[in-house]
Amino acid sequence: MIRTRFAPSPTGFMHIGNLRTALYAYLFAKKHKGKFILRIEDTDRERYVEGAVDAIYATLRKAGIFHDEGPDVGGGYGPYIQSQRKDIYMEYALKLIERGGAYYCFCDKERLGSLADEKGVKRYDKHCLKLSKKEVQDKLDAGEEFVIRQNMPTEGLSSYEDMVFGKITVPNDELEDNILIKVDGMPTYNFANVVDDHLMGITHVIRGTEYLSSTPKYNLIYEAMGWQTPNYMHLPPIMKDQKRKLSKRYGDANFEDFLNKGYLPHAIVNYIALLGWSPKDNQEKLSMQELIDAFDIDGISKSPSIFDEQKMKWLNAQYIRELTLEEFHDIALSYYQKMDLVDKFDTLKLSQLLHGRCEVFSDIYNSVDFLTEFGDFDLGLYYHKRMKTDFKAAKPLIEEALKALKEIEFTTDSIMDALTRISEKMGVKKGQTMYSVRVALTGRASTPGGAIEMAELLGKDESLRRLKKSLEMIKKAEHKL
RNA sequence: GGCCCCAUGGUCAAGUGGUUAAGACACCGCCCUUUCACGGCGGUAACAGGAGUUCGAACCUCCUUGGGGUCACCA
């Protein structure tokens with residue numbers, strides 16, 4: 001049975017890159033009918049952020065990534081939070097010492113600091129490896145603070161087979177005697193991930209390429225303990241641009257932010273699935289089940305990929321269009337509420353107009369703000385090349401529209417009739433009238449609908465008021481000329 | 001800097017010795033059209049450079065260049 005895991009550290013919101021790692025681990029497990037495990041790596045007490053664990057649960061749930069085992073759902077390999085496994089690590093560290101794979105180190109920070117070479121590169125010199133058993137015991141008895149270090153070979157090569165990168169070889173003298181257990185008794189990642197992955201029966205370790213060249217170290221621990229090494233799948237990073245990795249520091253790189261901008265959760269998931277992987281047939285829009293079915297290691301790329309929000313927007317628009325009007329309206333409603341439109345306008349009609357025009361829900365703000373704002377606007381807006389019109393041509397049309405609309409009951413048909421008749425009477429193209437009236441009504445270069453729709457939306461009173469006002473603006477401008 | 005890894009249009013990417021080098025986003029043009037979108041059609045645009053191997057190289061090898069990762073009592 002294949003078992004994969006996602007092992008984030010609770011240090012803040014969940015980053016898009018991390019989410020993609022979780023996704024791939026999930027897809028791989030599900031594709032092979034295996035289990036996906038969530039483990040919280042909170043061994044660094046200083047970086048721990050309150051609430052971050054809940055944020056991880058929330059993000060995973062919204063993304064549609066469900067773990068079979070984890071702190072909140074249980075499982076047979078718990079606890080799934082590393083800080084609760086402190087004793088386990090110490091137990092195995094002691095065993096590793098017995099097997100010669102690790103040793104106690106009593107060096108203080110000062111001595112360590114003095115180890116820097118001419119280039120400032122610090123490297124531990126295995127000083128405490130030379131301590132005799134008795135010396136170690138004496139120091140331990142005396143209650144000296146200690147750390148446990150991994151004992152690396154100093155010559156030869158170590159290699160392993162990565163499922164996406166192939167054979168990776170690293171000279172052993174590049175490997176440092178990393179700290180496995182810190183003075184506070186907590187393990188470092190270097191040790192905890194190995195112990196846990198083994199104890200939790202993880203068959204495939206899926207993580208970022210930052211571990212690509214340190215993986216031989218971990219394998220050395222597996223070997224020293226007599227454990228079987230897992231399979232590895234390292235994933236290239238997601239970049240903000242050519243040189244910068246996508247990171248929290250640059251902002252907007254986390255899942256929650258995109259949700260708040262009006263992205264649909266699955267659109268985000270779909271997009272990031274495609275960042276660094278592509279299905280054989282190059283299909284771009286895939287449901288979670290389709291992702292599971294199509295996922296394969298062959299499609300994973302080896303080089304970093306740049307995050308392109310524009311493309312994610314396009315995908316999001318595809319998903320929005322697939323929503324039913326009711327679904328769209330439900331989501332849009334919260335935006336209308338924020339804009340205080342709910343009791344003033346026919347929001348269902350608004351949704352009909354907006355449904356095909358939004359790429360992300362936050363587009364709603366800019367596309368309907370004219371409903372509540374109507375001030376002076378540039379008369380240049382009346383100019384339209386294809387309609388062959390401008391504000392001078394618009395003036396009589398607006399005057400006529402004002403007269404005609406005063407007389408009628410507002411319905412789609414009646415407004416249409418009235419405006420059509422004006423065009424006939426004035427001998428202009430219908431589009432000219434429509435365009436002029438629409439601009440006079442909204443003061444915007446573009447709106448989520450034409451003249452009739454805008455008039456209906458605004459209602460008779462407001463429409464007449466705006467036409468009047470727009471007319472005055474034109475007259476005032478002519479006066480100045 | 002040492003070590004590990006990577007390299008197809010602006011971006012995501014097909015492609016695994018013989019292709020007119022796909023497709024998508026973005027961009028541009030045309031059509032549709034009561035604005036703007038949607039949609040339809042079309043277009044611009046790539047194998048980083050240099051040596052090899054081969055009848056033949058985007059695909060194999062080497063070098064250069066560029067990029068990423070790593071070198072913590074962080075994960």
Participant: Rounded to the Å, how far apart are A:Lys311 NZ and B:U11 P?
Facilitator: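 Atom NZ in A:Lys311 sits about 13 Å away from atom P in B:U11.
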Participant: Just checking A:Tyr211: base, sugar-phosphate only, or nothing, at a heavy-atom cut-off of under 4.0 Å?
Facilitator: base
Participant: If we take the P atom in both B:C31 and B:A37, what is their distance in whole Å?
Facilitator: 15 Å
Participant: Check whether any side-chain N or O of A:Thr43 sits under 4.0 Å from OP1 or OP2 of B:A75, and answer yes or no.
Facilitator: yes
Participant: When we call it a touch if two heavy atoms are under 4.0 Å apart, what does A:Met239 touch: a base, just sugar-phosphate, or nothing?
Facilitator: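 Touches sugar-phosphate only.
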Participant: Paired with B:C30 by Watson-Crick or G-U wobble geometry, both distances under 3.5 Å: which nucleotide is it?
Facilitator: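 The base-pairing partner of B:C30, which may sit in any strand shown, is B:G40.
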Participant: Whole-Å distance between B:A21 C1' and A:Asn282 CG?
Facilitator: 14 Å
Participant: Report the base-pairing partner of B:C3 (Watson-Crick or G-U wobble, both distances below 3.5 angstrom), or none.
Facilitator: B:G69
Participant: Give the nucleotide from the list B:U34, B:C4, B:A75 with an atom nearest to the side chain of A:Tyr189.
Facilitator: B:A75
Participant: Could you check whether A:Met312 gets within reach of a base, just the sugar-phosphate, or nothing at all, counting any heavy atom under 4.0 Å?
Facilitator: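 No contact.
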Participant: Can you figure out which of B:C3, B:U35, B:C12 approaches the side chain of A:Leu275 most closely?
Facilitator: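 In terms of side-chain proximity for A:Leu275, the closest of B:C3, B:U35, B:C12 is B:C12.
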Participant: Please tell me which of the listed nucleotides, B:C5, B:C73, B:G2, lies nearest to the side chain of A:Glu174?
Facilitator: B:G2
Participant: What distance, rounded to whole Å, do you find between the two C1' atoms, one in B:C60 and one in B:C4?
Facilitator: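 Pairwise C1' distance, B:C60 against B:C4, rounds to 22 Å.
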Participant: Measure from NZ or CZ of A:Lys285 to the centre of the six-membered ring of A:Tyr319 and say whether it is under 6.0 Å with the direction within 45° of the ring axis.
Facilitator: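 Yes, A:Lys285 sits over the ring of A:Tyr319.
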Participant: How many whole angstroms separate atom CG of A:Asp417 from atom P of B:U34?
Facilitator: 16 Å
Participant: Less than 4.0 Å between a side-chain N and a carboxylate O, is that true for A:Arg5 and A:Asp196?
Facilitator: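 The answer is no: the pair does not qualify as a salt bridge.
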Participant: Under a 3.5 Å cut-off for both distances, is B:A51 Watson-Crick or wobble paired, and to whom?
Facilitator: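 Across any shown strand, B:A51 pairs with B:U61.
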Participant: Do the numbers put A:Arg438 on top of the ring of A:Tyr435, so that NZ or CZ is under 6.0 Å from the six-membered ring centre and no more than 45° off the axis?
Facilitator: yes
Participant: May I ask you to say what A:Ser303 touches in the nucleic acid, namely base, sugar-phosphate or nothing, with a heavy-atom cut-off under 4.0 Å?
Facilitator: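 The residue A:Ser303 makes sugar-phosphate contact but no base contact.
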Participant: For B:C74, what is the paired nucleotide under Watson-Crick or G-U wobble rules, both distances under 3.5 Å?
Facilitator: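 Per the H-bond distance test, none.
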Participant: Report the C-alpha separation of A:Arg421 and A:Glu424 in whole Å, then their side-chain angles, then the decisive distance to 0.1 Å, and conclude whether the salt bridge (charged side-chain N to carboxylate O under 4.0 Å, His left out) test is met.
Facilitator: CA-CA 5 Å; A:Arg421 260 198 294 271; A:Glu424 286 164 4; over 6 Å; no
Participant: In terms of side-chain heavy atoms of A:Thr188, which of B:U35, B:C73, B:U34 is nearest?
Facilitator: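 Selected nucleotide (nearest to the side chain): B:C73.
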Participant: So, is A:Thr11 near the phosphate of B:A75, with a side-chain N or O under 4.0 Å from OP1 or OP2?
Facilitator: no
Participant: Heavy atoms only, 4.0 Å cut-off, all strands: where does A:Lys302 land among base, sugar-phosphate and nothing?
Facilitator: sugar-phosphate
Participant: Where the side chain of A:Asp308 is defined as all heavy atoms beyond and including C-beta, which of B:G39, B:U11, B:G69 is the nearest nucleotide?
Facilitator: B:U11
Participant: When you measure from the side chain of A:Ser9, which nucleotide among B:C4, B:A13, B:A75 comes out closest?
Facilitator: B:A75
Participant: Base, sugar-phosphate alone, or nothing: which one does A:Gly276 contact when heavy atoms must sit under 4.0 Å apart?
Facilitator: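 Contact class for A:Gly276: sugar-phosphate only.
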Participant: Could you tell me how the ring of A:Tyr382 sits relative to the ring of A:Phe377: parallel (under 30°), tilted (30 to 60°) or perpendicular (over 60°)?
Facilitator: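 It falls in the tilted class, 30° to 60°.
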Participant: Please work out if A:Asp44 contacts a base, only the sugar-phosphate, or nothing of the nucleic acid, heavy-atom cut-off 4.0 Å.
Facilitator: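 Since only primed, P, OP1 and OP2 atoms lie under 4.0 Å of A:Asp44, the category is sugar-phosphate.
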Participant: Would the distance check show the side chain of A:Asp390 and the main-chain N or O of A:Ala393 forming a donor-acceptor pair, the cut-off being under 3.5 Å?
Facilitator: yes
Participant: Side-chain N or O of A:Lys182 less than 4.0 angstrom from OP1 or OP2 on B:A75?
Facilitator: yes
Participant: Using the P atom in both, what is the distance from B:C32 to B:C25, to the nearest Å?
Facilitator: 22 Å
Participant: Which nucleotide, if any, forms a Watson-Crick or G-U wobble pair with B:G10, using both distances under 3.5 Å?
Facilitator: B:C25
Participant: Taking B:A14 as the reference, what is the distance to B:A24 when you measure between their C1' atoms (whole Å, please)?
Facilitator: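 Looking at atom C1' only, B:A24 and B:A14 are 11 Å apart.
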Participant: Distance check needed: B:A13 C1' versus A:Asp298 CG, whole Å only.
Facilitator: 15 Å
Participant: Could you tell me whether A:Ile452 contacts a base, only the sugar-phosphate backbone, or nothing, with contacts defined as non-hydrogen atoms closer than 4.0 Å?
Facilitator: base
Participant: Does NZ or CZ of A:Arg149 lie under 6.0 Å from the centre of the six-membered ring of A:Tyr124, at an angle within 45° of the ring axis?
Facilitator: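 Yes, a cation-pi geometry.
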Participant: Have a look at A:Pro236 and say if it touches a base, only the backbone sugar-phosphate, or nothing, with a 4.0 Å heavy-atom cut-off.
Facilitator: nothing
Participant: Using atom P in both nucleotides, what's the gap between B:G15 and B:G23 to the nearest angstrom?
Facilitator: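 The answer is 15 Å between these two P atoms.
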Participant: In whole angstrom, give me the gap between the P atoms of B:C30 and B:U35.
Facilitator: 15 Å
Participant: Counting only Watson-Crick or G-U wobble pairs whose two distances fall under 3.5 Å, which nucleotide matches B:U20?
Facilitator: none
Participant: What's the CD-P distance between A:Gln150 and B:C73, to the nearest Å?
Facilitator: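 From A:Gln150 CD to B:C73 P: 14 Å.
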Participant: In whole Å, I'd like the distance from the CZ atom of A:Arg444 to the P atom of B:C36.
Facilitator: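 Answer to the nearest Å: 16 Å.
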Participant: Kindly point out which of B:G23, B:A75, B:U35 is positioned nearest to the side chain of A:Glu41?
Facilitator: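 Of B:G23, B:A75, B:U35, B:A75 is nearest to the side chain of A:Glu41.
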Participant: Which of the following nucleotides, B:A75, B:G39, B:A26, is nearest to the side chain of A:Glu359?
Facilitator: B:A26
Participant: Round to the nearest Å and state the distance from A:Trp277 atom CH2 to B:G23 atom P.
Facilitator: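 Value for this atom pair: 20 Å.
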Participant: Please state whether the phosphate of B:C36, meaning OP1 or OP2, lies under 4.0 angstrom from any side-chain nitrogen or oxygen of A:Arg386.
Facilitator: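 Checking A:Arg386 against B:C36: at least one side-chain N or O falls below 4.0 Å of OP1 or OP2.
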Participant: Can you tell me if A:Lys469 uses its side chain to pair, donor with acceptor, with the backbone of A:Phe374 under 3.5 Å?
Facilitator: yes
Participant: Which is true for A:Ile306 with a 4.0 Å heavy-atom rule: it touches a base, it touches only sugar-phosphate, or it touches nothing?
Facilitator: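 Sugar-phosphate contact only - A:Ile306 comes under 4.0 Å of backbone atoms but never of a base.
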Participant: Counting the atoms with a prime plus P, OP1 and OP2 as sugar-phosphate, which does A:His384 contact under 4.0 Å by heavy atoms, base, sugar-phosphate, or nothing?
Facilitator: sugar-phosphate
Participant: Heavy atoms under 4.0 Å, any strand shown: does A:Thr433 hit a base, just sugar-phosphate, or nothing?
Facilitator: nothing
Participant: Would you tell me if any nitrogen or oxygen in the side chain of A:Arg321 comes within less than 4.0 Å of OP1 or OP2 on B:G39?
Facilitator: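 Affirmative; the distance criterion is met.
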Participant: Run the side-chain hydrogen bond (donor to acceptor under 3.5 Å, both in side chains) test on A:Tyr263 and A:Glu309 for me, step by step, so that the C-alpha distance in whole Å, both residues' side-chain angles and the decisive distance to 0.1 Å come before the verdict.
Facilitator: CA-CA 11 Å; A:Tyr263 283 91; A:Glu309 188 171 349; 2.8 Å; yes
Participant: Using the closest heavy atom to pick a nucleotide of RNA chain B for each, name whichever of A:Ser278 or A:Ala445 lands nearer the 5' end.
Facilitator: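 Checking each residue's closest nucleotide, the 5'-ward one belongs to A:Ser278.
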Participant: Under 4.0 Å, heavy atoms only, any strand: does A:Thr442 hit a base, just the sugar-phosphate, or nothing?
Facilitator: nothing
Participant: Which nucleotide wins on minimum distance to the side chain of A:Gln310, given the candidates B:C25, B:C36, B:C73?
Facilitator: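 The answer is B:C25.
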Participant: Within the side chain of A:Thr209, is there an N or O that forms a donor-acceptor pair under 3.5 Å with the backbone of A:Leu212?
Facilitator: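 Answer holds: no.
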Participant: Tell me the interatomic distance from A:Leu180, atom CG, to B:A72, atom C1', rounded to whole angstroms.
Facilitator: 14 Å
Participant: Can you check the distance between B:U65 and B:A46, where both ends of the measurement are the P atom (answer in whole Å)?
Facilitator: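 Their P atoms lie roughly 25 Å apart.
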Participant: Base, sugar-phosphate, or nothing: which does A:Lys167 touch, judged by heavy atoms less than 4.0 Å apart?
Facilitator: sugar-phosphate
Participant: For the base of B:C36, is there a side-chain donor-acceptor partner from A:Arg357 under 3.5 Å away?
Facilitator: yes
